[in-house]
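To start, the structure itself, in C-alpha coordinates.
Every number for a ligand or one of its atoms is a count from 1 in the order of the listing. Residues: numbered from 1 along the sequence shown.
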Amino acid sequence: MTGLSVRNLDYSYGSRKALDAVSFDVAPGRFAALLGPNGAGKSTLFSLLTRLFTTRSGQISVAGHDLSKNPRAALARIGVVFQQPTLDLDLSVMRNLTYFAALHGLSGRTAQTRIAAALERLDLSDRAHERARDLNGGHRRRTEIARALIHAPSVLLLDEPTVGLDAASRKAITDHVHALSRERGLTVLWATHLTDEIEDDDQLLILHRGRLLQDGTAGTLRGALPLREHFLSQTSDRIGERA
Ligand SMILES: Nc1ncnc2c1ncn2[C@@H]1O[C@H](COP(=O)(O)OP(=O)(O)OP(=O)(O)O)[C@@H](O)[C@H]1O
(Lines give C-alpha, C1' and ligand atoms only; values in the text may rest on other atoms or scores of the structure.)
Protein backbone atom coordinates (compact mmCIF):
# COMPACT_ATOMS: atom_id res chain seq x y z
CA MET A 1 0.00 0.00 0.00
CA THR A 2 1.74 3.18 -1.12
CA GLY A 3 -1.10 5.67 -0.56
CA LEU A 4 -2.45 6.34 2.89
CA SER A 5 -3.50 3.72 5.39
CA VAL A 6 -5.16 4.30 8.76
CA ARG A 7 -5.87 1.42 11.11
CA ASN A 8 -7.87 1.43 14.33
CA LEU A 9 -7.11 4.99 15.31
CA ASP A 10 -8.41 6.22 18.67
CA TYR A 11 -7.95 9.63 20.24
CA SER A 12 -9.42 11.21 23.35
CA TYR A 13 -9.27 14.67 24.90
CA GLY A 14 -9.49 13.67 28.56
CA SER A 15 -12.69 11.68 28.83
CA ARG A 16 -14.04 12.94 25.46
CA LYS A 17 -13.46 10.45 22.69
CA ALA A 18 -12.74 12.35 19.45
CA LEU A 19 -11.81 9.34 17.26
CA ASP A 20 -13.11 5.84 17.78
CA ALA A 21 -11.43 2.91 15.95
CA VAL A 22 -11.10 4.78 12.64
CA SER A 23 -9.73 2.68 9.76
CA PHE A 24 -9.53 3.39 6.04
CA ASP A 25 -7.19 3.19 3.05
CA VAL A 26 -6.74 5.73 0.27
CA ALA A 27 -5.19 4.11 -2.79
CA PRO A 28 -2.36 5.89 -4.63
CA GLY A 29 -3.69 8.62 -6.91
CA ARG A 30 -7.17 8.61 -5.36
CA PHE A 31 -9.05 11.71 -4.19
CA ALA A 32 -10.71 10.92 -0.87
CA ALA A 33 -13.15 13.35 0.71
CA LEU A 34 -13.38 13.17 4.49
CA LEU A 35 -16.86 14.53 5.06
CA GLY A 36 -18.13 15.30 8.53
CA PRO A 37 -20.12 17.95 10.40
CA ASN A 38 -18.45 20.29 12.90
CA GLY A 39 -16.91 18.32 15.72
CA ALA A 40 -16.79 15.03 13.77
CA GLY A 41 -13.07 14.63 14.44
CA LYS A 42 -11.58 15.76 11.12
CA SER A 43 -9.01 18.16 12.59
CA THR A 44 -8.05 15.63 15.25
CA LEU A 45 -7.41 13.07 12.52
CA PHE A 46 -5.29 15.61 10.61
CA SER A 47 -3.28 16.35 13.74
CA LEU A 48 -2.51 12.64 14.05
CA LEU A 49 -1.68 12.28 10.35
CA THR A 50 0.78 15.18 10.57
CA ARG A 51 2.15 14.02 13.93
CA LEU A 52 1.13 17.20 15.75
CA PHE A 53 -0.56 14.69 18.06
CA THR A 54 0.50 11.13 18.71
CA THR A 55 -1.45 8.16 19.98
CA ARG A 56 -0.39 4.72 21.04
CA SER A 57 -3.44 3.05 19.62
CA GLY A 58 -3.74 2.34 15.92
CA GLN A 59 -1.40 2.75 13.01
CA ILE A 60 -0.86 5.26 10.20
CA SER A 61 1.14 4.49 7.11
CA VAL A 62 2.10 7.05 4.46
CA ALA A 63 3.42 5.81 1.13
CA GLY A 64 4.40 2.57 2.84
CA HIS A 65 6.14 4.25 5.82
CA ASP A 66 4.82 3.71 9.32
CA LEU A 67 4.36 7.16 10.86
CA SER A 68 5.31 6.18 14.39
CA LYS A 69 8.21 3.86 13.50
CA ASN A 70 9.65 5.93 10.68
CA PRO A 71 8.29 9.48 11.09
CA ARG A 72 10.92 11.23 8.98
CA ALA A 73 10.32 9.10 5.91
CA ALA A 74 6.54 9.24 6.35
CA LEU A 75 6.37 13.00 6.92
CA ALA A 76 8.66 13.65 3.95
CA ARG A 77 5.99 12.08 1.73
CA ILE A 78 3.18 14.33 3.05
CA GLY A 79 2.12 17.78 1.83
CA VAL A 80 -0.22 19.64 4.17
CA VAL A 81 -2.60 22.56 3.88
CA PHE A 82 -3.89 23.38 7.35
CA GLN A 83 -7.24 24.94 8.11
CA GLN A 84 -5.59 28.09 9.46
CA PRO A 85 -3.63 30.07 6.85
CA THR A 86 0.13 29.94 7.41
CA LEU A 87 1.64 32.25 4.77
CA ASP A 88 3.92 35.08 5.81
CA LEU A 89 1.78 37.94 4.54
CA ASP A 90 4.69 40.39 4.34
CA LEU A 91 6.65 38.21 1.93
CA SER A 92 6.01 37.75 -1.77
CA VAL A 93 4.55 34.50 -3.06
CA MET A 94 8.02 33.57 -4.35
CA ARG A 95 9.74 34.28 -1.02
CA ASN A 96 7.15 32.23 0.85
CA LEU A 97 7.82 29.29 -1.44
CA THR A 98 11.60 29.71 -1.47
CA TYR A 99 11.65 29.72 2.32
CA PHE A 100 9.60 26.52 2.45
CA ALA A 101 11.86 24.88 -0.16
CA ALA A 102 14.90 25.72 1.99
CA LEU A 103 13.21 24.11 5.01
CA HIS A 104 13.08 20.93 2.95
CA GLY A 105 16.74 21.20 1.97
CA LEU A 106 16.00 22.43 -1.56
CA SER A 107 17.88 25.40 -2.96
CA GLY A 108 19.28 26.83 -6.18
CA ARG A 109 18.07 25.59 -9.51
CA THR A 110 16.18 22.59 -8.11
CA ALA A 111 14.14 24.84 -5.83
CA GLN A 112 13.46 27.37 -8.58
CA THR A 113 12.34 24.65 -11.02
CA ARG A 114 10.03 23.04 -8.46
CA ILE A 115 8.57 26.43 -7.45
CA ALA A 116 7.97 27.47 -11.05
CA ALA A 117 6.22 24.15 -11.76
CA ALA A 118 4.03 24.41 -8.65
CA LEU A 119 3.04 28.00 -9.44
CA GLU A 120 2.24 27.05 -13.00
CA ARG A 121 0.19 24.08 -11.81
CA LEU A 122 -1.97 26.36 -9.62
CA ASP A 123 -2.22 29.12 -12.27
CA LEU A 124 -0.23 31.50 -10.12
CA SER A 125 2.85 32.20 -12.25
CA ASP A 126 1.86 35.83 -12.81
CA ARG A 127 1.45 36.39 -9.03
CA ALA A 128 4.94 35.21 -8.05
CA HIS A 129 6.20 38.64 -7.08
CA GLU A 130 3.09 39.94 -5.37
CA ARG A 131 3.02 40.23 -1.60
CA ALA A 132 0.85 37.53 -0.02
CA ARG A 133 -1.07 40.28 1.79
CA ASP A 134 -2.16 41.75 -1.55
CA LEU A 135 -3.67 38.49 -2.82
CA ASN A 136 -7.34 37.60 -2.40
CA GLY A 137 -8.28 34.65 -0.18
CA GLY A 138 -8.52 32.20 -3.08
CA HIS A 139 -5.07 33.06 -4.40
CA ARG A 140 -3.57 32.82 -0.91
CA ARG A 141 -5.00 29.32 -0.56
CA ARG A 142 -3.68 28.35 -3.99
CA THR A 143 -0.26 29.64 -2.91
CA GLU A 144 -0.44 27.35 0.12
CA ILE A 145 -1.32 24.39 -2.09
CA ALA A 146 1.56 25.23 -4.48
CA ARG A 147 3.86 25.42 -1.45
CA ALA A 148 2.68 22.00 -0.25
CA LEU A 149 3.76 20.47 -3.59
CA ILE A 150 7.35 21.74 -3.72
CA HIS A 151 8.96 18.77 -1.96
CA ALA A 152 7.06 16.40 -4.33
CA PRO A 153 4.89 14.63 -1.74
CA SER A 154 2.88 11.56 -2.70
CA VAL A 155 0.04 12.29 -0.25
CA LEU A 156 -1.62 15.72 0.04
CA LEU A 157 -3.69 16.47 3.14
CA LEU A 158 -6.04 19.46 3.14
CA ASP A 159 -8.10 20.38 6.20
CA GLU A 160 -11.18 22.34 5.07
CA PRO A 161 -9.08 24.37 2.62
CA THR A 162 -11.97 26.43 1.25
CA VAL A 163 -13.25 27.85 4.54
CA GLY A 164 -14.12 31.51 4.15
CA LEU A 165 -13.81 31.61 0.35
CA ASP A 166 -16.45 32.70 -2.15
CA ALA A 167 -18.13 30.16 -4.44
CA ALA A 168 -15.91 30.85 -7.47
CA SER A 169 -12.67 30.52 -5.47
CA ARG A 170 -13.95 27.35 -3.80
CA LYS A 171 -14.70 25.81 -7.17
CA ALA A 172 -11.32 26.81 -8.63
CA ILE A 173 -9.47 25.22 -5.71
CA THR A 174 -11.56 22.04 -5.66
CA ASP A 175 -11.05 21.64 -9.42
CA HIS A 176 -7.29 22.23 -9.14
CA VAL A 177 -6.87 19.58 -6.45
CA HIS A 178 -9.06 17.03 -8.24
CA ALA A 179 -6.87 17.59 -11.32
CA LEU A 180 -3.73 17.05 -9.23
CA SER A 181 -4.87 13.60 -8.19
CA ARG A 182 -6.19 12.70 -11.64
CA GLU A 183 -3.26 13.97 -13.71
CA ARG A 184 -0.33 13.73 -11.32
CA GLY A 185 -1.28 10.60 -9.38
CA LEU A 186 -1.28 12.48 -6.09
CA THR A 187 -3.13 10.77 -3.24
CA VAL A 188 -5.46 13.35 -1.67
CA LEU A 189 -7.31 13.49 1.64
CA TRP A 190 -9.62 16.50 1.60
CA ALA A 191 -11.56 17.27 4.78
CA THR A 192 -14.78 19.20 4.35
CA HIS A 193 -18.32 19.64 5.59
CA LEU A 194 -19.48 20.87 2.15
CA THR A 195 -20.95 18.21 -0.12
CA ASP A 196 -20.63 20.28 -3.31
CA GLU A 197 -16.83 19.89 -3.16
CA ILE A 198 -17.15 16.14 -3.74
CA GLU A 199 -17.37 14.44 -7.15
CA ASP A 200 -19.18 11.16 -7.80
CA ASP A 201 -15.92 9.35 -8.60
CA ASP A 202 -14.27 10.41 -5.34
CA GLN A 203 -13.80 8.08 -2.42
CA LEU A 204 -16.15 9.28 0.30
CA LEU A 205 -15.37 8.84 3.98
CA ILE A 206 -18.20 10.00 6.24
CA LEU A 207 -16.99 10.75 9.75
CA HIS A 208 -19.45 11.53 12.51
CA ARG A 209 -18.82 11.87 16.23
CA GLY A 210 -15.43 10.24 15.86
CA ARG A 211 -16.66 7.19 13.96
CA LEU A 212 -16.30 6.37 10.29
CA LEU A 213 -19.86 5.70 9.12
CA GLN A 214 -19.23 5.09 5.43
CA ASP A 215 -16.32 4.42 3.08
CA GLY A 216 -16.98 3.98 -0.64
CA THR A 217 -17.37 5.75 -3.97
CA ALA A 218 -19.46 8.90 -3.51
CA GLY A 219 -21.77 8.24 -6.48
CA THR A 220 -22.48 4.69 -5.32
CA LEU A 221 -23.09 5.66 -1.70
CA ARG A 222 -25.51 8.46 -2.51
CA GLY A 223 -27.48 6.38 -5.03
CA ALA A 224 -30.33 8.46 -6.43
CA LEU A 225 -30.17 11.09 -3.66
CA PRO A 226 -28.25 14.36 -3.92
CA LEU A 227 -25.11 13.91 -1.82
CA ARG A 228 -26.24 16.58 0.64
CA GLU A 229 -29.41 14.66 1.43
CA HIS A 230 -27.53 11.40 1.72
CA PHE A 231 -25.07 13.05 4.14
CA LEU A 232 -27.90 14.51 6.23
CA SER A 233 -29.66 11.16 6.30
CA GLN A 234 -26.48 9.59 7.66
CA THR A 235 -25.77 12.22 10.28
CA SER A 236 -28.83 14.31 11.22
CA ASP A 237 -30.73 11.54 13.04
CA ARG A 238 -27.68 11.11 15.19
CA ILE A 239 -27.14 14.80 15.96
CA GLY A 240 -29.81 14.71 18.65
CA GLU A 241 -27.78 12.04 20.47
CA ARG A 242 -24.85 14.40 20.82
CA ALA A 243 -25.76 16.40 23.93
N1 LIG B 1 -8.36 20.66 22.57
C2 LIG B 1 -9.53 20.02 22.76
N3 LIG B 1 -9.95 19.74 24.02
C4 LIG B 1 -11.12 19.06 24.23
N5 LIG B 1 -11.94 18.65 23.25
C6 LIG B 1 -11.57 18.92 21.98
C7 LIG B 1 -10.36 19.63 21.68
N8 LIG B 1 -10.26 19.74 20.33
C9 LIG B 1 -11.36 19.15 19.82
N10 LIG B 1 -12.14 18.66 20.81
C11 LIG B 1 -13.40 17.92 20.65
O12 LIG B 1 -13.13 16.75 19.87
C13 LIG B 1 -14.16 16.52 18.92
C14 LIG B 1 -13.58 16.53 17.51
O15 LIG B 1 -13.12 17.85 17.21
P16 LIG B 1 -12.40 18.21 15.82
O17 LIG B 1 -11.94 19.64 15.92
O18 LIG B 1 -11.39 17.18 15.51
O19 LIG B 1 -13.61 18.09 14.81
P20 LIG B 1 -13.76 18.68 13.32
O21 LIG B 1 -14.50 17.65 12.55
O22 LIG B 1 -12.43 19.11 12.82
O23 LIG B 1 -14.69 19.94 13.54
P24 LIG B 1 -14.58 21.41 12.87
O25 LIG B 1 -15.12 21.23 11.51
O26 LIG B 1 -15.49 22.19 13.77
O27 LIG B 1 -13.15 21.83 12.93
C28 LIG B 1 -15.20 17.61 19.16
O29 LIG B 1 -16.17 17.08 20.02
C30 LIG B 1 -14.42 18.71 19.85
O31 LIG B 1 -15.26 19.45 20.69
Donor-acceptor contacts under 3.5 Å from residues 149-158 side chains, at least two apart:
unit_1	atom_1	unit_2	atom_2	d
His151	NE2	Ile78	O	2.7

Discussion item. Looking at Arg170 and Asp166, is any side-chain nitrogen of the basic one under 4.0 Å from a carboxylate oxygen of the acidic one?
Written reply: no

Practice prompt. State, to 0.1 Å, how close Asp88 and Asp90 come at their nearest heavy-atom pair, and which atoms those are.
Written response: OD1-N, 3.0 Å

What atoms in ligand 1 come closer than 4.0 Å to a heavy atom of [X]?
X	answer
Pro37	21 (O)
Ser43	17 (O), 18 (O), 20 (P), 22 (O), 27 (O)
Thr44	14 (C), 15 (O), 16 (P), 18 (O)
Ala40	19 (O), 20 (P), 21 (O)

Worksheet entry | ligand 1 contacted by Gly36 (non-hydrogen, < 4.0 Å) |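 Contact check Gly36 vs ligand 1: negative.
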
Discussion item. Does the plane of the ring in Tyr13 sit parallel, tilted or perpendicular to the ring in Tyr11? Use 30° and 60° as the thresholds.
Written reply: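 Judged by the thresholds at 30° and 60°, the geometry between Tyr13 and Tyr11 is perpendicular.
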
Practice prompt. Could you label the plane-to-plane angle of the His178 and Trp190 rings as parallel, tilted or perpendicular, counting under 30° as parallel and over 60° as perpendicular?
Written response: tilted

Worksheet entry | Proximity winner for atom 12 (O) of ligand 1, if only heavy atoms of Tyr13, Tyr11, Phe46, Phe53 are counted |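 Answer by nearest heavy atom: Tyr13.
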
Practice prompt. From atom 25 (O) of ligand 1, work out which of Arg16, Glu160, His193 has a heavy atom at the shortest distance.
Written response: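 Answer by nearest heavy atom: Glu160.
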
Discussion item. So for ligand 1, is Gly39 a polar contact partner (N or O within less than 3.5 Å, distance only)?
Written reply: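 Right, the criterion is met.
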
Worksheet item: For Leu103, what are the other residues in its hydrophobic cluster, where any two members join if their side-chain heavy atoms are less than 4.5 angstrom apart?
Response: Tyr99

